[in-house]
Asks: 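Could you have a look at this structure, given as structure tokens, before my questions?
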Amino acid sequence: MRLFENTTILSSDDQPKQAAVCPHCSGMGFVMPDLSPSDPGFGRAKPCACKQTELAEKRNDNLLTMSQLGALQEQTFDNFLPEGVGLAADKARSLAIAYHRARTFAETPKGWLLLKGSYGCGKTHLAAAIANIQLMLGRQVLFVTTPDLLDHLRSTYSPHSNISYDERFEQVRNTPLLILDDFGAQNNSDWAAEKLYQIINHRYNARLPMVITTNQDLETVDMRVRSRLSDLSFVQMVNITAPDFRRGGVFQEETDLSSLDLHGHHTFESFNLRKQELTAGEANNLQRAYDTTRNYAEYPEGWLVLNSTEYGNGKTHLAAAAANAVSQRGETVLFIVVPDLLDHLRATFDPRVGARLDKRFNQIKRAQFLVLDDLGTESATAWAREKLYQLFNYRYNANLPTIITTATPIDQIDPRLASRFLDGTRCTFFVIESPGYRVSRKNKKKRPRL
């Protein structure tokens, strides 16, 4: 390896003095690899090991300058409450799952971790705890809110900036671990959207680890970014359904629309396939309904409609089993009977309730996983039909996972809804043919003629 010439420096009294220099690069910081002329690197100097250490320290200093961990140094896994305080079982479970996923990621950052939840639910605490673990291990990490990250990039355009835009952009794109807090809180100008896409796309292609916290629904995110965040082979998506930690130091529920807690015993394991009492065709049909619903719960995509003119033959049990399976993974699930849904919306007309119609309606229509039980049993007023159409139309266009159970024949359902149920590209419409559990085939035969 050919080295640059040695140099001398002047001491404070202007007398030549031999410097304590690196033996490899003679203090120049660069070495010239001894390569053949045909090598692409021929004639190009490379940073010496001593220079690489210096550059790494400089990069780390720059990252710490941009990072906002100063006020979050006390946010650790040790002082996080993984079970919350006074939470319903499903919300406590979602918080515990988020805690364990974050802790595992902190030990070995791999892929992306997307923490989604409302304000104050603990997602920033978990993200900061990951960053603090990495710093304690001596690793480089950049923790920054998304709006501030964009401000850091904009600041490089100033003539007084001591760092160029290209240099700062490369630091962000290639930092070993990037944590973007409050993604979606930024001003979505064309420039901001383009910069965020470039950063996220680069890290996605390079498979660089990243943590993102957000309270946004994915359907509101730039399609280019959403496609990367939705890659479940690379991204762990964890939904924290717990409410705000900071309200008096105790979790408080604003409203509980979901009735899933009432169906905790409805699981796939407890479902009775009734093979001994059904005809072969009915048993086969019920088995296929079971398999279809279970597969849907594992890979929720599009809609699943469970239809039967019979009551009590397992539609609600299967829908609740799917909801429980999804909830067990820590994802947000809203299970609601359609008449109750409309009652919740009507209740907002009372000024004493303190909930706005638009806020409650958005909570329902944007739910990550929605189960609507007993469609068709509601009072079919013009207002009710309009609200249901708005709900279904939004979820259809956003392609949000939805299970619907109904005993209404398809030709008696509002044509605007039926057209979406029959769209085979987005919806599986399954008719359960077995009789109700509450009226066995044996009892049916004994029923006297009147």
Side-chain angles (χ1 to χ4, degrees), residues 47 54-73 75 109 111-120 123-132 134-135 139-231 234-235:
E54 177 188 335
L55 293 173
E57 290 175 351
K58 183 180 178 182
R59 282 195 300 271
N60 200 40
D61 289 342
N62 284 329
L63 290 176
L64 289 175
T65 299
M66 277 194 291
S67 187
Q68 298 164 319
L69 277 172
L72 299 172
Q73 289 178 348
Q75 306 280 48
W112 292 359
L113 179 65
L114 176 61
L115 298 173
K116 183 177 178 294
S118 61
Y119 294 107
K123 56 187 184 296
T124 294
H125 187 140
L126 291 174
I130 293 172
N132 286 320
Q134 290 294 296
L135 289 177
R139 298 170 184 167
Q140 291 182 10
V141 59
L142 172 58
F143 178 103
V144 63
T145 65
T146 307
D148 288 339
L149 170 65
L150 295 168
D151 283 346
H152 283 302
L153 294 176
R154 291 185 188 99
S155 70
T156 61
Y157 296 140
S158 168
H160 305 294
S161 175
N162 59 4
I163 186 173
S164 70
Y165 168 82
D166 288 341
E167 187 177 354
R168 174 146 289 172
F169 194 56
E170 282 304 304
Q171 287 175 354
V172 174
R173 291 206 310 173
N174 291 305
T175 185
L177 175 60
L178 175 62
I179 299 179
L180 286 180
D181 192 33
D182 270 347
F183 181 81
Q186 70 280 357
N187 180 13
N188 276 323
S189 65
D190 291 342
W191 179 87
E194 189 62 29
K195 294 302 117 184
L196 287 174
Y197 169 69
Q198 287 177 289
I199 291 168
I200 289 172
N201 187 57
H202 173 82
R203 297 188 70 85
Y204 178 82
N205 291 331
R207 288 307 195 246
L208 293 173
M210 183 162 62
V211 177
I212 298 174
T213 77
T214 186
N215 60 11
Q216 301 291 306
D217 295 310
L218 283 189
E219 65 267 17
T220 66
V221 176
D222 181 335
M223 177 65 78
R224 299 173 301 174
V225 173
R226 188 196 319 168
S227 67
R228 283 142 183 81
L229 296 180
S230 302
D231 182 357
F234 187 61
V235 181

Asks: Answer yes or no: is there a donor N or O on one side and an acceptor on the other, between the side chain of Trp112 and the main chain of Leu208, under 3.5 Å?
Replies: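 Checked: pair present.
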Asks: Quick check: do Leu114 and Phe183 have side-chain heavy atoms less than 4.5 Å from each other?
Replies: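 No, every pair of side-chain atoms sits at 4.5 Å or beyond.
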Asks: Once the angle between the rings of Tyr165 and Tyr157 is folded into 0 to 90°, is it parallel (under 30°), tilted (30 to 60°) or perpendicular (over 60°)?
Replies: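 The arrangement is parallel - the two ring planes meet at less than 30°.
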Asks: How far does CD1 of Ile212 sit from OG1 of Thr146, to the nearest 0.5 angstrom?
Replies: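 Reported value, rounded in 0.5 Å steps: 7.5 Å.
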Asks: I want to check something: taking the side chain as every heavy atom from C-beta on, are Val235 and Arg228 in contact at a cut-off of under 4.5 Å?
Replies: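 Val235 does not reach Arg228 side chain to side chain.
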Asks: Checking side-chain contact (heavy atoms from CB on, under 4.5 Å) for the pair Asp182/Thr214: CA distance, chi angles, key distance, verdict?
Replies: CA-CA 5 Å; Asp182 270 347; Thr214 186; over 6 Å; no
Asks: Within the structure provided, determine whether Val225 and Leu196 are in side-chain contact (heavy-atom separation under 4.5 Å).
Replies: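 No, side chains not in contact.
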Asks: Could you list the residues that satisfy side-chain hydrogen bond (donor to acceptor under 3.5 Å, both in side chains) with Asn215, not counting sequence neighbours?
Replies: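 So Asn215 forms a side-chain hydrogen bond (donor to acceptor under 3.5 Å, both in side chains) with Tyr119.
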Asks: Let's go through Ile199 and Leu178 carefully: what are the C-alpha distance in whole Å and the side-chain angles of both, what is the deciding distance for side-chain contact (heavy atoms from CB on, under 4.5 Å) to 0.1 Å, and is it a yes or a no?
Replies: CA-CA 10 Å; Ile199 291 168; Leu178 175 62; 3.9 Å; yes
Asks: Just wondering, do Gln171 and Ile163 contact through their side chains at under 4.5 Å, heavy atoms?
Replies: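 The answer is yes; the side chains approach within 4.5 Å.
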Asks: How far does CG of Leu149 sit from NZ of Lys195, to the nearest 0.5 angstrom?
Replies: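 Answer for the CG-NZ pair, Leu149 versus Lys195, is 11.5 Å.
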Asks: Taking only residues two or more places apart in sequence, or in another chain, which ones meet Glu194 in a side-chain hydrogen bond (donor to acceptor under 3.5 Å, both in side chains)?
Replies: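 By the side-chain hydrogen bond (donor to acceptor under 3.5 Å, both in side chains) rule, Glu194 matches Arg224.
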Asks: Can you tell if the side chain of Val141 reaches within under 4.5 Å of the side chain of Ile179, non-hydrogen atoms only?
Replies: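 Yes, at least one pair of side-chain atoms sits under 4.5 Å.
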Asks: Apply salt bridge (charged side-chain N to carboxylate O under 4.0 Å, His left out) to Asp231 and list each qualifying residue two or more places apart in sequence or on a separate chain.
Replies: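 So Asp231 forms no salt bridge (charged side-chain N to carboxylate O under 4.0 Å, His left out) with any residue.
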Asks: Hey, is CG on Asn205 packed in by over 12 heavy atoms from elsewhere, all under 6.0 Å?
Replies: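 Above 12, so yes.
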Asks: For a quick test of reading the model, state the closest non-hydrogen atom pair linking Gln140 to Pro176 and the distance between them.
Replies: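 Heavy atoms of Gln140 and Pro176 come nearest at OE1-CD, 3.5 Å.
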Asks: Are Arg226 and Leu229 close enough that some pair of their side-chain heavy atoms sits under 4.5 Å apart?
Replies: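 Side chain of Arg226 against side chain of Leu229, heavy atoms only: no contact under 4.5 Å found.
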Asks: Using side-chain heavy atoms (C-beta onward) and a distance below 4.5 Å, is Arg168 in contact with Ser155?
Replies: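 Side chain of Arg168 against side chain of Ser155, heavy atoms only: contact under 4.5 Å found.
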Asks: So does Tyr197 get a backbone contact from the side chain of Asn201, meaning a donor-acceptor N/O pair under 3.5 Å?
Replies: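 Checked: no pair found.
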Asks: Take Asn174 and His202 through the test side-chain contact (heavy atoms from CB on, under 4.5 Å) and record every step on the way to the result.
Replies: CA-CA 8 Å; Asn174 291 305; His202 173 82; 2.6 Å; yes
Asks: Looking only at side chains, do Thr124 and Asp181 share a donor and an acceptor under 3.5 Å apart?
Replies: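 Indeed, the side chains of Thr124 and Asp181 share at least one donor-acceptor pair under 3.5 Å.
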Asks: I need the minimum non-hydrogen distance between Leu150 and Ala192, along with the two atoms involved.
Replies: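 Nearest pair, atom of Leu150 first, then Ala192: CD1-CB, 3.7 Å.
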Asks: If every non-hydrogen atom of Pro109 is compared with every non-hydrogen atom of Arg139, which pair is closest and at what distance?
Replies: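 Residues Pro109 and Arg139, closest heavy atoms: CD-NH1, 4.3 Å.
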Asks: Let me confirm one number: the CE-OG distance from Met223 to Ser230, rounded to the nearest 0.5 Å.
Replies: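 The CE atom of Met223 sits 9.0 Å away from the OG atom of Ser230.
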Asks: About how many Å separate CG of Leu115 and OG1 of Thr213, when rounded to the nearest 0.5 Å?
Replies: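 Separation between the atoms: 7.0 Å.
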Asks: Does any part of the side chain of Ile130, heavy atoms only, come nearer than 4.5 Å to the side chain of Leu177, both counted from C-beta?
Replies: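 Leu177 vs Ile130: side chains touch.
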Asks: Is there a donor-acceptor pair under 3.5 Å between the side chain of Arg173 and the backbone N or O of Arg203?
Replies: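 No, Arg173 side chain to Arg203 backbone: no donor-acceptor pair under 3.5 Å.
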Asks: Could you state the interatomic distance from CZ (Phe143) to CD (Gln75), rounded to the nearest 0.5 Å?
Replies: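 If we round to the nearest 0.5 Å, Phe143:CZ and Gln75:CD are 8.5 Å apart.
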Asks: Which atoms form the tightest heavy-atom contact between Thr156 and Leu153, and what is the distance?
Replies: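 Looking at all heavy atoms of both residues, the closest pair is OG1-O, 2.6 Å.
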Asks: Is there a donor-acceptor pair under 3.5 Å between the side chain of Thr175 and the backbone N or O of Val172?
Replies: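 No.
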